[in-house]
Number of protein chains: 4
Amino acid sequence: MSDIFYDKEIKIDKKSDTRDLILQTAAKLFRDHGYSGTTLRLIANNAGLKAGSIYYHFTSKEEIVDEVLNVGITSLHVAVQEAVAQAQNKEDHREIIGLAIKAHMRVVFSKADFSAANMRLHSQLPDSILDQETVRRLKYGELWDGLLLAARQSGELRQDIGVGFLRQFILGAMNWNIEWFDSQRSSVDALADRVVHLVFDGVFLPK
Amino acid sequence: MSDIFYDKEIKIDKKSDTRDLILQTAAKLFRDHGYSGTTLRLIANNAGLKAGSIYYHFTSKEEIVDEVLNVGITSLHVAVQEAVAQAQNKEDHREIIGLAIKAHMRVVFSKADFSAANMRLHSQLPDSILDQETVRRLKYGELWDGLLLAARQSGELRQDIGVGFLRQFILGAMNWNIEWFDSQRSSVDALADRVVHLVFDGVFLPK
Amino acid sequence: MSDIFYDKEIKIDKKSDTRDLILQTAAKLFRDHGYSGTTLRLIANNAGLKAGSIYYHFTSKEEIVDEVLNVGITSLHVAVQEAVAQAQNKEDHREIIGLAIKAHMRVVFSKADFSAANMRLHSQLPDSILDQETVRRLKYGELWDGLLLAARQSGELRQDIGVGFLRQFILGAMNWNIEWFDSQRSSVDALADRVVHLVFDGVFLPK
Amino acid sequence: MSDIFYDKEIKIDKKSDTRDLILQTAAKLFRDHGYSGTTLRLIANNAGLKAGSIYYHFTSKEEIVDEVLNVGITSLHVAVQEAVAQAQNKEDHREIIGLAIKAHMRVVFSKADFSAANMRLHSQLPDSILDQETVRRLKYGELWDGLLLAARQSGELRQDIGVGFLRQFILGAMNWNIEWFDSQRSSVDALADRVVHLVFDGVFLPK
DNA sequence: GATGAATGAGGCTTCATTCAT
DNA sequence: CATGAATGAAGCCTCATTCAT
């Protein structure tokens, strides 16, 4: 995906327009129909092409998923990293982690669907892709673990539950929304605020 | 699924043994490989049959998924209902909802995989099945909404967030574990305890 | 190929009829159109099937070629071996090798086309098959080398040319006929007699 | 093929360099992979072009094969004719035919592969090409028949076998070597000498 | 009840070919 | 001259499904 982060240039690369279009289309379809449920014909038709034409841009279906997954997790990684960097100097871990959650959720619900596809496809992937994807996921996990560890050491975070489990809890609270939330009709930012609130303080009022 | 809940009857129906075996096998495979990724031949072979034989017991692949999904959500519904019933007279909403969470999670990780399949398959279903499944899901949601509404009205629950959203938050916290938790190696009950803890009180200590 | 050598039984194996039919059809087509030029659809149609049905009997196109090649070279090996065995006690190497040549040619032009396919396909095979086929060919070559070595040691054979080259010369003289000879219109035995004659004594009269 | 025989002209046609390159590349690939096994993309890549570019020089794949075949048989025809011409005045038919055989073999193993491709491709050709190619082959056959007829009438050649069959025997002895002989590692001239020897006098010593 | 055998539809992929640039 | 990009047809193969046995 060559132009997902560009800001000013109107067109960096005319040539890769179709390639990017295929990726965007594929991401959306993968997100909605799963790996096997997304056929190349489906991708092609939705991108205004014939199935065979895809092979001018990609060598296989697997190459497409792999790139979709990669863009998805990379977008998340970069966005969370940037969000965190802005609040790095502060010592308020609630704020840092809150910004991370909001960044993650904003990306997951952004137009391209890459990140949503990534979060959803994992269990359906063919073995040939799983390995690379797992590595990328681990790295993203480490980013979160760093944040959580710092917060824990500062004493603000609950101590009785392991960092790994805390990370999974937060991921679940964020990603499950893909299953039901309609970002066309409601504000993702408002959703993210509520997620932050519940993740931080729970559903029950303190006694 | 004809015999998943019976206790005392020694055999309801000898004939349906194979049918149940097919369903159990299918549930596990659906859970792991998704809808399109699970072929009838795969189900048949794993059940010790040939593909054609399945059609003596079911009329189509869709009938199989539909029943798997139905058993899955029904098991959840029944289990949660029973768990709640035992604590119904008490006024402690923390306990009631805690029991509900544990019941849900125990079923999701139970051997048969029906409930896990249900939670995972939703996005990959063909349209022909979606409607019935959506109805069943709604009913299960209402069960939870009842619990949450009572707790909210009692004043124990956070008031500033809608019941529907609270439900989704809890579902996310419970179901995401399917994606990573290995129930062969760790205790589901211990996992459930931590989920209850975090869902109730959040990851941060009260200030 | 399960029944290529049976004599009396009318049907050994009803089940493998289709399988054998596919092989026979494939052999003929491979012989005439080469490896890539022979499509599964072509094989299927000529065998009265639809393309997909072939996969009930074989797992891939390569499995089909491999078996065709195997039957082809095995038929040759067995036929030549038997022919030689009958004249083994004699010391007349002209007769032994003459019988070998006639046996090879009779098999190459027999109805099934397996041997003809084998002789022709070699250069077009995918790498995945080449290895096994090469092994089989080498064994067949060794059979001939044995015959030629014996004849050479007896003093009857020309000494100034290596056995390996003699073998290739004889193979060429026999197999080239596949390219032009029409076994429907002329006698293969008469052809074989002339081949024996020329191979043994050359085209020029002794001076 | 526009410049395969020129000696003196420095450049007939600069433009046709690429055309010739394509033909040379195609000849080699056709020889090794057969007709269907040789794709235009393969030819293009090996010639340092993109597939589409070939269509500036040729109107179709068939035109390419046709020209490759034509160059192949023409090279043979010319080479044999020239070889024979030099010895025409002599009455020694052994020498004349020996020179013809050596000329044929030298061309078949020469770098360009056109003749080798011709000898090998025959059985895999699409109908649309077969007719023209057959005509060319017949003419080449007549050249040989002339030589053989003269030798036969002089009494030197074996009389009991038809000229047509003698021709096929000699062609087989020459062409089969394409299947196994590695001209990079051994001398084609030495090979040709042995072929001449065996073709003329056979594998057995005269009794 | 179950299986062997077959099929039509459709999946991923390759190919010869076209054509605007 | 050459290429980038696309296409329709076809290639190999898999799948849900059928049905006689």
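Naming convention: chains lettered A, B, ... in sequence-line order (proteins, then strands); numbering from 1 in each chain.
Residues D:Leu42 and D:His33 have side chains in contact (heavy-atom distance under 4.5 Å, counting atoms from C-beta outward).
Nucleotides E:dG1 and F:dT21 have their P atoms positioned 22 Å apart, rounded to a whole Å.
Comparing F:dC15, E:dT7, E:dT17 by their closest approach to the side chain of B:Arg41 singles out F:dC15. Of the candidate nucleotides E:dC12, F:dC13, F:dT17, F:dC13 has the atom nearest to the side chain of C:Ser60.
Between C:Tyr56 and E:dA5 there is a side-chain N or O to OP1 or OP2 distance below 4.0 Å. Phosphate proximity of E:dA6 to C:Lys50: absent, as no side-chain N or O sits under 4.0 Å from OP1 or OP2. Residue A:His57 has a polar side-chain atom (N or O) positioned under 4.0 Å from OP1 or OP2 of F:dA6. A close approach under 4.0 Å does occur between a side-chain nitrogen or oxygen of B:Thr18 and OP1 or OP2 of E:dA2. Contact check, A:Thr59 against E:dT13: no side-chain N or O comes under 4.0 Å of OP1 or OP2. Contact between the side-chain N/O atoms of D:Tyr55 and the OP1/OP2 oxygens of E:dT17 is found at a separation under 4.0 Å. Residue C:Ser53 has no polar side-chain atom (N or O) positioned under 4.0 Å from OP1 or OP2 of E:dA5.
Rounded to whole Å, atom C1' of E:dT13 lies 13 Å from atom NZ of A:Lys61. Rounded to whole angstrom, the span from the OH atom of A:Tyr35 across to the C1' atom of E:dG11 amounts to 11 Å. Look at CG on B:Asn45: it is 13 Å from C1' on F:dC15, rounded to the nearest Å. Look at CG on C:Leu21: it is 14 Å from C1' on E:dA5, rounded to the nearest Å. If you measure from atom CZ of B:Phe58 to atom P of E:dG1, you get 13 Å, rounded to the nearest angstrom. Look at CD1 on C:Ile22: it is 13 Å from C1' on E:dT7, rounded to the nearest Å.
As judged by a 4.0 angstrom heavy-atom cut-off over every strand, D:Thr38 is placed among residues touching the sugar-phosphate backbone only.
For the pair B:Gly52 and A:Ile54, both in contact range of DNA chain F, the more 5′-proximal nearest nucleotide belongs to A:Ile54. Comparing C:Leu40 and A:Leu49 by the nucleotide of DNA chain F whose heavy atom lies nearest to each, the residue mapping closer to the 5' end is A:Leu49.
No side-chain N or O of A:Asn118 forms a donor-acceptor pair with one of A:Arg31 less than 3.5 Å apart.
Minimum heavy-atom separation, A:Met119 to A:Arg137: CA-NH2, 3.5 Å.
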Set out, in order, the CA-CA distance, both residues' side-chain angles and the distance that settles side chain to side chain contact (heavy atoms under 4.5 Å, CB included) for B:Tyr55 and B:Leu40, then state yes or no. CA-CA 10 Å; B:Tyr55 285 82; B:Leu40 286 185; 3.1 Å; yes
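Across all strands shown, F:dT3 forms a Watson-Crick or G-U wobble pair with E:dA20, both key distances being under 3.5 Å.
Of the charged side-chain nitrogens involved, none lies within less than 4.0 Å of a carboxylate oxygen, so that B:Lys61 and B:Asp66 do not count as a salt-bridged pair.
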